[in-house]
Asks: 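The structure is given below, and queries will be raised subsequently.
Keep in mind the model is a prediction, meaning the values are calculated, not measured.
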Amino acid sequence: MSVTHGTESTAGPAPGGPPPEETSSTGASGPDPAAMAAVTAAARAALPPEAIIDDHLRLRTYECDGLAHYKVTPALVVLPETAGQVAAVVRACHDHGVPFVARGSGTGLSGGALPRKDGVLIVLSRMRTIREIRREDQRAVVEPGVINLDITRAATPDGYYYAPDPSSQQVCSIGGNVAENSGGAHCLKYGFTTTHVVGAEFVTPAGEIVQLGGTAPDPPGYDLLGAVVGSEGTLGIATAVTVRLVRLPEEVRTLLAGFRTTDDAGAATSAIIGAGIVPAAIEMMDALAIEAAEAATRCDYPAGAGAVLVVELDGAAAEVAHEHELVERLCREHGAFELRDARDPAERALIWKGRKSAFAAVGRISPDYIVQDGVIPRTALPEVLRRIAELSSGSGVRVANVFHAGDGNLHPLVLFDDAVPGEAEEAERVSAAILDLCIEHGGSITGEHGVGHDKKKHMGRMFSDVDLDVMQLVRCAFDPDSLCNPGKVFPTPRLCGERPGRKAGVHPLQAAGVADIF
Ligand SMILES: Cc1cc2nc3c(=O)[nH]c(=O)nc-3n(C[C@H](O)[C@H](O)[C@H](O)COP(=O)(O)OP(=O)(O)OC[C@H]3O[C@@H](n4cnc5c(N)ncnc54)[C@H](O)[C@@H]3O)c2cc1C
């Protein structure tokens, strides 16, 4: 379950299922004292004293990520400043069989950086140096704790920016973005993080520092960088990332369109893409999301709108002017009753403020809520939104929709009040049913927030056992001892000794002679 509006007091207990402390996937039995003492000693030898936290109260600062619903206090927290320090800690964990979890800014919404009670949390937030901006190569080399937006801030004077822009871009780290293959409003045109990462310095689960990818395109051999991007911190730790920079466009135009219904707004989205236009962004919000954004940011969206679209066009001025005319026409043809063009950067910022603060804004209209994250083919939007509305009216659970309409990435916000008995459970039921809708319509259980701890239980709904075992073989090739962020992504422990032990019997892939168990 994805409850984000979480402070300790507002985030309720997980409806259904034991809290994570009781499950083996969070190391609930606690650390092996001798192993942890050895790792702590190694960390003290490699890092300055202020970079090591073992005091219980201070450890609790790190007990959850953006999904405040799940909490586990780690046995040890380290805050390295160099790749060498990361490698030293990882090597000690490897040598003594202690699990470890990487953490960037802790804004993840799937519990990916949820610590292990028996393990070490390696926090990369002190590795914040932008090592190089190479204008001639259109590349930047940055440390993993660098904040997403800071890359753009550093590149802008040279006429460049970093395109992937999660709504959390003011706080999330590039290391977390790489691990989650994060998306954002502008990924419709420019692609997700994976399109923009060309190299990484990487600490393997054995504590070796290796280089993956590089500045030159298409290195020979397996695409190990491709495997690492989106692997949710389960294959090792990125200690530097080489990213592609994109030229700042000559012209940017941002348009706000008000529609009576989400059906109309969805149809306008399909018509725009169908006309061959790829806007930099097309974002949609429904009436409830607009109400929340209005209350929080006074963004002045069209009164009475059942849905708004934020359409951003960028590129050469002549091209943008032509596309703008076409987008306006298509919006009107599909029922837009109000069209507003941002006349200056302040108006543009206000339009985006309403959209980008939408998650937090929902706190204005509901004490608790689940941020769901799923993806569907764009053309299924009207049907899926209708079915979500039916789920909502049938259950009495309010659902606000705010999403990247251009690439079909939904973020239904399922509202509830944890103080009212039964509401959390009903919200969880609706939230899970929304994921079923996504799968049913050819989509997936996560569009961009990842599987992490939260959604591993849903993996079996998308993948067969054989599919999951093939993925595990990749994981085991990097991490045969299952020490790197164990208990995340995969629903059940299997293969290569992932605790609590190997799957019994001969695996079908072994029997077919296509894979070995390590
Ligand atoms: C308000 C809000 C809005 C958001 N909007 C978006 C959005 O539009 N699009 C989107 O995709 N996400 C969004 N997110 C989710 C989140 O911000 C992203 O997943 C982000 O990439 C997480 O970065 P982080 O630094 O906080 O990572 P963390 O939460 O610290 O960690 C996330 C995962 O990355 C791993 N990890 C962290 N650093 C490293 C590293 N150096 N090497 C290897 N693994 C590592 C962790 O182990 C964990 O599994 C949003 C979150 C919030 C709270």
Asks: Compute the ring centroids of His411 and Phe359, then answer whether they are less than 6.0 Å apart.
Replies: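 That pair passes the under 6.0 Å test.
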Asks: Verify whether one side chain among Asn485 and Asp479 offers a donor that lies under 3.5 Å from an acceptor in the other.
Replies: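 No, because no side-chain N or O of Asn485 sits under 3.5 Å from a partner of the opposite role on Asp479.
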Asks: Is it the case that the side chains of Tyr162 and Asn177 hold a donor-acceptor pair, with the cut-off being a distance below 3.5 Å and no angle test?
Replies: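 Their side chains do not contain a donor-acceptor pair, so the 3.5 Å distance test is not met.
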Asks: Under 3.5 Å, is there a donor-acceptor pair between the side chain of Thr297 and the main chain of Glu294?
Replies: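 Checked: no pair found.
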Asks: So, does Arg378 use its side chain to make a donor-acceptor pair with the main chain of Gly406 at under 3.5 Å?
Replies: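 Yes, the answer is positive, given that a donor and an acceptor are paired below the 3.5 Å cut-off.
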Asks: Glu319 side chain to Gly315 main-chain N or O, any donor-acceptor pair under 3.5 Å?
Replies: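 Judged by distance alone, no pair lies under 3.5 Å.
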Asks: Looking at the rings of Tyr70 and His453, which for Trp means the six-membered one, are their centres under 6.0 Å apart?
Replies: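 Yes; His453 has its ring centre under 6.0 Å from that of Tyr70.
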Asks: Do Thr446 and Asp373 have side-chain atoms, one donor and one acceptor, less than 3.5 Å apart?
Replies: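 Indeed, the side chains of Thr446 and Asp373 share at least one donor-acceptor pair under 3.5 Å.
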Asks: Would Arg128 and Asp150 count as a salt bridge (Lys or Arg N to Asp or Glu O under 4.0 Å) here? Give the steps.
Replies: CA-CA 10 Å; Arg128 279 216 180 156; Asp150 286 345; 5.8 Å; no
Asks: Compare all side-chain heavy atoms of Gln169 with those of Leu149 and state whether any distance is below 4.5 angstrom.
Replies: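 Yes - at least one pair of side-chain heavy atoms lies under 4.5 Å apart.
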Asks: Let me check something: any side-chain donor-acceptor pairs from residues 238-248 under 3.5 Å, sequence neighbours excluded? List them with distances.
Replies:
residue: Thr239; atom: OG1; partner: Glu201; partner atom: O; Å: 3.3
residue: Thr239; atom: OG1; partner: Glu201; partner atom: OE2; Å: 2.7
residue: Arg244; atom: NE; partner: Thr195; partner atom: O; Å: 3.3
residue: Arg247; atom: NH1; partner: Asp158; partner atom: O; Å: 3.2
residue: Arg247; atom: NH1; partner: Gly159; partner atom: O; Å: 3.2

Asks: Counting only N and O atoms by type, is there a donor-acceptor contact under 3.5 Å from the side chain of Arg91 to the main-chain atoms of Gly207?
Replies: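 Yes, because the side chain of Arg91 sits within donor-acceptor range (under 3.5 Å) of the backbone of Gly207.
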Asks: Show, in sequence, the C-alpha distance, side-chain angles and deciding distance for Arg329 and Glu333, and conclude whether the salt bridge (Lys or Arg N to Asp or Glu O under 4.0 Å) test is met.
Replies: CA-CA 6 Å; Arg329 183 161 62 71; Glu333 281 174 13; 3.0 Å; yes
Asks: Checking Lys353 side chain against Ala293 main chain: does a donor-acceptor pair fall under 3.5 Å?
Replies: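 Not confirmed, Lys353 side chain does not pair with Ala293 backbone.
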Asks: If you count the non-hydrogen atoms of other residues, nucleotides and ligands that lie under 6.0 Å from CD in Glu50, is the total more than 12?
Replies: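 Result for CD/Glu50: enclosed.
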Asks: For the CD atom on Glu251, are there more than 12 heavy atoms of other groups (residues, nucleotides or ligands in this structure) within a distance under 6.0 Å?
Replies: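 More than 12 within 6.0 Å, yes.
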Asks: Any sub-3.5 Å donor-acceptor pair from Thr129's side-chain atoms to Arg131's backbone N or O?
Replies: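 Side chain of Thr129 to backbone of Arg131: no pair is present.
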Asks: So, the side chain of Gln372 versus the backbone of Ser431: is there a donor-acceptor pair under 3.5 Å, distance only?
Replies: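 Yes, because the side chain of Gln372 sits within donor-acceptor range (under 3.5 Å) of the backbone of Ser431.
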Asks: Name the residue from Ile52, Leu76, Ile122 that meets the side-chain contact (heavy atoms from CB on, under 4.5 Å) definition with Val89.
Replies: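 So the option named by the test is Ile122.
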Asks: Give a yes or no on whether a salt bridge exists between Glu338 and Arg340, defined as a side-chain N under 4.0 angstrom from a carboxylate O.
Replies: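 Between Arg340 and Glu338 there is a salt bridge, with a charged N closer than 4.0 Å to a carboxylate O.
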Asks: Is there a donor-acceptor pair under 3.5 Å between the side chain of Asp137 and the backbone N or O of Arg139?
Replies: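 Flag not set: sc Asp137 to bb Arg139 has no pair under 3.5 Å.
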Asks: With no hydrogens and no angle check, just 3.5 Å: does a side-chain donor-acceptor pair link Glu312 and His186?
Replies: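 Present: a donor and an acceptor within the cut-off.
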